[in-house]
Protein chains: 2
Amino acid sequence: MTSSEAWLEQLHDNGYRITAARRAVVDTVFGATHSLTPQEVYESARKKYRALGLVTVYRTLEKLEELHLIQRVHQPMGCHAFIAAGIGHQHLLLCQHCGQVEFFEGDDLDALTRSIAKKTGYQIQEHWLQLFGLCANCR
Amino acid sequence: MTSSEAWLEQLHDNGYRITAARRAVVDTVFGATHSLTPQEVYESARKKYRALGLVTVYRTLEKLEELHLIQRVHQPMGCHAFIAAGIGHQHLLLCQHCGQVEFFEGDDLDALTRSIAKKTGYQIQEHWLQLFGLCANCR
DNA sequence: TACTAATTGAAAATGTTTTTCAGTAAGGAA
DNA sequence: TTCCTTACTGAAAAACATTTTCAATTAGTA
Ligand SMILES: [Mn+2]
Ligand SMILES: [Mn+2]
Ligand SMILES: [Zn+2]
Ligand SMILES: [Zn+2]
């Protein structure tokens, strides 16, 4: 079972309909090892469903993000790309050469967070962490 | 001495000219406690120099970023805002309610970085860290 | 099978950033 | 100071990115 079926099921369970256009977008984003911009999703998904419109890509990405199935990837060069979301509390590791995206977990920022909270008076709610480097193939 | 003079000096030392338009932009961004979008910089700087054009704001921000005097701020709602850059190795702490921006330092991610490098085969070059919360006034 | 509301793609609208261009002015040289 | 070269300017146009509008289509249930 290509598990992109699970995403379609999620869409369906939330009252959204399953269409050929959405299948093409979901299949494209689900399997990606690199983050994809709406334009890139469009170009790739159109190979699976020729009549697809770019607007539908935007609309589908919006729904997938709302259901936390995908997440936006922030990079120095731009923040318009998406990737399948990590499960639980994870952060991204990005290859600066080939663009490959991986997740990691196990960061422990509690001590830092407490220390900064004390120092600044902030009540800290959330954090973003991202590592950049060269993947095994590119190094 | 309003230390935004130092920024103008930097511009000058790098072969850029000091103009009324640039003064207005530099003065605006230098003192800000919140990150500002180009549009916001434009609106604020125009109070100091009426003839200012939005294009010049974009062009000046570009140069200030190139000289590492300002940096882009990434946020869930958008990544188009800028703030005076931190000195040395620092990260941002953002108030989710009022938008105030502060810097902190002293994060130590060496152990984490080494562990992830080992686990993934990546050669890690850089990291982004950002804390979100409520500032002393807003909590 | 019939029905209804969600979904579609095209086109238009909106919003943001960059490029082009002819006039202006900064600032070093004389 | 004056002159001169060249960077800089704002307006307008162009290039992009994203959202809205709309009439036709279609998914999914009754
Ligand atoms: Mn974490
Ligand atoms: Mn750090
Ligand atoms: Zn970003
Ligand atoms: Zn790589």
Side-chain angles (χ1 to χ4, degrees), chain A residues 5 7-29 35-67 70-82, chain B residues 5 7-29 35-67 70-82:
Chain A
E5 289 300 323
W7 286 17
L8 294 169
E9 215 172 295
Q10 280 274 334
L11 284 169
H12 187 259
D13 290 353
N14 283 79
Y16 297 120
R17 292 179 181 174
I18 296 177
T19 67
R22 281 182 184 162
R23 270 181 198 285
V25 171
V26 163
D27 282 355
T28 296
V29 180
S35 65
L36 300 171
T37 61
Q39 185 63 45
E40 287 167 340
V41 171
Y42 174 63
E43 279 156 24
S44 178
R46 240 159 67 87
K47 290 174 188 151
K48 298 170 182 170
Y49 179 65
R50 225 30 221 236
L52 180 65
L54 178 58
V55 197
T56 297
V57 173
Y58 276 97
R59 289 191 282 225
T60 303
L61 291 175
E62 185 178 274
K63 282 163 184 63
L64 292 175
E65 190 178 24
E66 171 196 321
L67 297 177
I70 64 173
Q71 64 180 60
R72 189 177 293 268
V73 177
H74 294 263
Q75 287 189 268
M77 41 170 306
C79 306
H80 301 181
F82 292 86
Chain B
E5 288 301 322
W7 287 16
L8 294 169
E9 217 172 291
Q10 279 274 335
L11 283 169
H12 187 260
D13 290 352
N14 283 79
Y16 297 120
R17 292 178 181 176
I18 296 178
T19 67
R22 280 181 183 163
R23 269 180 198 286
V25 171
V26 162
D27 282 355
T28 298
V29 180
S35 64
L36 300 170
T37 62
Q39 184 64 44
E40 286 167 340
V41 171
Y42 175 63
E43 279 156 24
S44 178
R46 239 159 66 88
K47 289 174 188 151
K48 298 169 184 170
Y49 179 66
R50 224 34 221 230
L52 180 65
L54 178 58
V55 196
T56 296
V57 173
Y58 276 96
R59 289 191 280 225
T60 303
L61 291 176
E62 185 178 273
K63 282 162 183 62
L64 293 174
E65 190 179 25
E66 170 196 320
L67 297 177
I70 63 172
Q71 65 182 59
R72 190 177 292 269
V73 177
H74 293 262
Q75 288 188 267
M77 40 170 307
C79 305
H80 300 182
F82 292 86

Can you name the closest pair of heavy atoms from [X] and [Y] and give their distance?
X: A/Val73; Y: A/Ser35; answer: CG2-CB, 3.8 Å
X: B/Arg17; Y: B/Arg22; answer: O-NH1, 2.8 Å
X: A/Cys79; Y: B/Cys79; answer: SG-SG, 3.6 Å

message = Which residues pass the side chain to side chain contact (heavy atoms under 4.5 Å, CB included) test with A/Ala21, not counting sequence neighbours?
response = A/Thr19, A/Tyr49, A/Leu52, A/Thr56
With sequence neighbours excluded, residues passing side chain to side chain donor-acceptor pair (under 3.5 Å) with [X]:
X: B/Glu43; value: B/Gln39
X: B/Glu66; value: B/Tyr16
X: B/Gln75; value: none
X: A/Tyr42; value: none

Is there any protein nitrogen or oxygen under 3.5 Å from a nitrogen or oxygen in nucleotides 20-22 of chain D, and what are the pairs?
none

Using the 3.5 Å cut-off, write out each protein N or O paired with an N or O of nucleotides 23-30 of chain D and the distance between them.
unit_1 : atom_1 : unit_2  : atom_2 : d
D/dA27 : O3'    : A/Ile18 : O      : 3.4
D/dA27 : N3     : A/Arg17 : NH1    : 3.0
D/dG28 : OP1    : A/Ile18 : N      : 2.9

message = Test of understanding: with salt bridge (charged side-chain N to carboxylate O under 4.0 Å, His left out), list the residues that count as partners of A/Arg46, not counting sequence neighbours.
response = none
Starting at atom [atom1] of [X], determine the distance to atom [atom2] of [N], rounded to an integer number of angstrom.
X: A/Tyr58; N: C/dA13; atom1: OH; atom2: C1'; value: 15 Å
X: B/Lys63; N: C/dT18; atom1: NZ; atom2: P; value: 11 Å
X: A/Glu62; N: C/dT7; atom1: CD; atom2: P; value: 11 Å
X: B/Leu61; N: C/dT17; atom1: CG; atom2: P; value: 10 Å
X: B/Gln39; N: C/dG15; atom1: CD; atom2: P; value: 11 Å
X: B/Asn14; N: C/dG27; atom1: CG; atom2: P; value: 14 Å

request  = Given side chain to side chain contact (heavy atoms under 4.5 Å, CB included), test A/Lys48 with A/Arg23 step by step and report yes or no.
outcome  = CA-CA 9 Å; A/Lys48 298 170 182 170; A/Arg23 270 181 198 285; over 6 Å; no
query = Run the side chain to side chain contact (heavy atoms under 4.5 Å, CB included) check on B/Gln71 and B/Phe82 step by step: do they pass?
reply = CA-CA 5 Å; B/Gln71 65 182 59; B/Phe82 292 86; over 6 Å; no
Using side-chain heavy atoms (C-beta onward) and a distance below 4.5 Å, is [X] in contact with [Y]?
X: B/Ile18; Y: B/Val26; answer: no
X: A/Gln10; Y: A/Asn14; answer: yes
X: A/Pro38; Y: A/Leu61; answer: yes

ask   = Tell me, which stems hold DNA chain D, with a stem being 3 or more Watson-Crick or G-U pairs in a row and both distances under 3.5 Å?
value = C:1-30 with D:1-30
note = By nearest-heavy-atom nucleotide on DNA chain D, the more 5' of B/Leu54 and B/Gly15 is B/Gly15
task = Indicate whether OP1 or OP2 belonging to D/dT9 is found under 4.0 Å from a side-chain N or O atom of B/Arg22.
result = yes
Derivation and outcome, side chain to side chain contact (heavy atoms under 4.5 Å, CB included), residues B/Val29 and B/Thr60 = CA-CA 11 Å; B/Val29 180; B/Thr60 303; over 6 Å; no
task = Enumerate the residues from residues 72-82 of chain B whose closest heavy atom to DNA chain C is under 4.0 Å, giving them by residue number; use none for an empty result.
result = B/His80
Stretch residues 40-51 of chain A: residues that reach within less than 4.0 Å of DNA chain C through a heavy atom = A/Tyr49, A/Ala51
query = Taking only residues two or more places apart in sequence, or in another chain, which ones meet A/His74 in a ring pair (Phe, Tyr, Trp, His ring centres under 6.0 Å)?
reply = A/Trp128, B/His74
